[in-house]
Amino acid sequence: MPGPGRTAPLVPAARRAALRRRLLAWYDGARRDFPWRFAEGQADPYRVWISEAMLQQTQVARVVPYYRLFLERFPTLEALAAADEEAVLEAWSGLGYYARARSLHGAARQALALHGRLPASLKGLAALPGFGPYTAGAVASIAFGLPAPAVDGNVARLLARLFAIDGPLEAASTRARLAATAAALLGPERPGDWTQALIELGATRCVKSAPRCERCPVAGLCEARRAGKQLIIPPARRRPGKLRLRLGVAVFRYGELLLLLRRPSSGLFGGLWAPPMAALPQGVLTAAKLRKRLGEVLSRELGVPVRVGRELASAERTLTHRALTLLAFEATTRTRPEGPGLRWATPLEVETLGTASAVRVLLERLPPVRSRPKA
DNA sequence: AATTCGGGGCA
DNA sequence: TGCCCAGAATT
C-alpha cells in the first residue's frame, strides 16, 4: 500500500535537478536587464514589489516608463505610504486596472503600520491588498529569497508544456496541478533567480503561438514537445464577448475651467477624475432622446437641474471586456455645482490629474474654448 | 466558476 | 478585429 511519503513524487528528483540546473544556467546568460532586476540576494523589496504590481496583466515594454517615473515620485515605501491616494492614481494614470494603484497605496500603509516594512514572509505578504497567489510568491522569492512558487501566465504555459498538463489554464483543476508542480520544483538555491528564470523562459522562448523550442534549454525535457503537442498545450482561452457600453459625458465649462468628479472607488475608472458620466441606452435613439436621458441622470447625480446641449466630440475605445463609446455633450446648470469630490479644473490640471486614457482622448477632441466675449 | 477591471500592440 | 499580457477581487 503506497501510503503518504511512498507515492511517486510529482516530479522525480533527477528530473527536478536537471531542470533546475539547465534553466538557471540558461538564465545566467540570457536574462534581460530591467530597472527592477537585481542580483540574487541584493534585491530592493520595494522596487520588486512595484514592478510586480505594475506588471500584472501589463506588458513589460509599457511598464518601464511608468516604473521609472513612479520610483522618482515615490522612491521608498515610506514615501508611498505618506502620499495621497490621489497622487498615486495620478502616477498610474494611463496604465489601467486602477484598483492596483489603490491596493498598492493601501498595502504600503498597512505594511508600514503592521511590520514597519514589507513583511519578509509569504503569509505576511499574502495578507496585503493587491497580493494574490502570484504576486505574494514572486515578491517572497525575488525580493526576499524565499523558496516560494510564483505561477504567472508565462509559468503556467511553460509548466503545462513541460509536464503535458492539458486542460484550460483557467480551470481550477489545471491551476491546482500547475501550482503543485511549481511547488515540487522549488529548491533551496537561488529562489529569486529560479522564479525569474521560469518567467523569462516563458516570455522569451516558450511563447504562446510560436514557441522557439530550438532555442529552449529544456526542450529535451519537455513532454509536450516529445508528443508534438507544444502548439495545442495549453488550449486557447475562450473569453466572454465584449459588451457595448455607451457613455454620455457632460462637459460643463466655466470659461476655461472644466467640471470633474472623482469617481467612486469601485467600478470602471475607480478613483480617477472624469467629467460627470452616465450610461446611455443601447439601441438607436434620436439625439434629442439621448440628451434628455443624460440630463435626467445627471440632474439626479448632481442634485441640480441640468440642461444638455449639442454633441461636442466622441471617442471609441476597446477594452478587454467592453467596447466603449464616449459621447461628449455640452451641459449647463443654472447654479454652479460645488462640493467635495468635485473640482473645476484648468486645462493644465486636466492634463496632470489622474484620468483614464479613454476620457483623456475624448477631452482632447473637444473643440477649443473661445475666449468669452467682453461685456 | 464567472465577472469585472485598462490599455496598447500585434498576427 | 481578436487575443494576449509578470492577476486580483468580487459576486
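The figures here come from the full heavy-atom set of this structure, side chains too, leaving out hydrogens, waters and symmetry mates. Protein chains get the first letters and strands the later ones, always in sequence-line order, with residue 1 at the start of each.
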### Message
With a cut-off of less than 4.0 Å, is there a side-chain N or O of T58(A) near OP1 or OP2 of dG7(B)?
### Response
no
#### Entry: Closest listed nucleotide, where the reference is the side chain of Q59(A) and the choices are dG6(B), dG8(B), dA8(C)
dG8(B)
### Out of dA6(C), dC5(B), dG6(B), whichever nucleotide has its closest atom nearest the side chain of D152(A)
dA6(C)
### Task
Could you measure between the two C1' atoms, the one in dA9(C) and the one in dG8(B), and give it in whole Å?
24 Å
### Summary
Result for 5'-nearest mapping on DNA chain B, choosing between A172(A) and G94(A), is A172(A)
## Note on the structure
When rounded to whole Å, the OH to C1' distance for the pair Y98(A) and dG7(B) reads 8 Å
### Task
Considering only atom C1', compute the distance from dG9(B) to dA8(C) and round it to an integer number of Å.
23 Å
### Task
Using the six-membered ring wherever Trp is involved, compare the ring planes of F131(A) and W49(A) and label them parallel, tilted or perpendicular (cut-offs 30° and 60°).
parallel
### Query
With under 30° as parallel and over 60° as perpendicular, where do the rings of W36(A) and F34(A) fit, or are they tilted in between?
parallel
### Query
Given dC5(C), is OP1 or OP2 found less than 4.0 Å from the side-chain N or O atoms of R157(A)?
yes
### Query
Distance check: side-chain N/O of R322(A) vs OP1/OP2 of dC5(B), anything under 4.0 Å?
yes
### Message
If the threshold is 4.0 Å, N to carboxylate O, is there a salt bridge linking R157(A) and D152(A)?
### Response
no
### Query
Among dG7(C), dA6(C), dG8(B), which is the nearest nucleotide to the side chain of Q57(A)?
dG7(C)
## Note on the structure
In short, Y66(A) meets W92(A) closest at the heavy-atom pair CE2-O, 4.0 Å
#### Entry: Rounded P spacing from dT3(B) to dC3(C) in Å
16 Å
### Task
Kindly point out which of dG7(B), dG7(C), dC5(B) is positioned nearest to the side chain of Q56(A)?
dG7(C)
#### Entry: K208(A) side chain, from C-beta outward: closest of dC4(C), dG8(B), dT4(B)
dC4(C)
### Task
Considering only atom C1', compute the distance from dG6(B) to dC5(C) and round it to an integer number of Å.
12 Å
## Note on the structure
Result for 5'-nearest mapping on DNA chain C, choosing between L128(A) and R37(A), is R37(A)
### W36(A) CH2 - dA6(C) P separation (whole Å)
10 Å
### Query
Counting side-chain heavy atoms from C-beta on, which of dA6(C), dC4(C), dG8(B) comes nearest to L55(A)?
dA6(C)
### Closest nucleotide among dA6(C), dG7(C), dG8(B) to the R317(A) side chain
dG8(B)
### Query
Nearest to the side chain of L268(A) - dG6(B), dG8(B), dA6(C)?
dG6(B)
### Query
Between dC5(C), dA8(C), dA6(C), which one does the side chain of I199(A) approach most closely?
dA6(C)
### Query
So, R360(A) versus T355(A): side-chain donor-acceptor pair below 3.5 Å or not?
yes
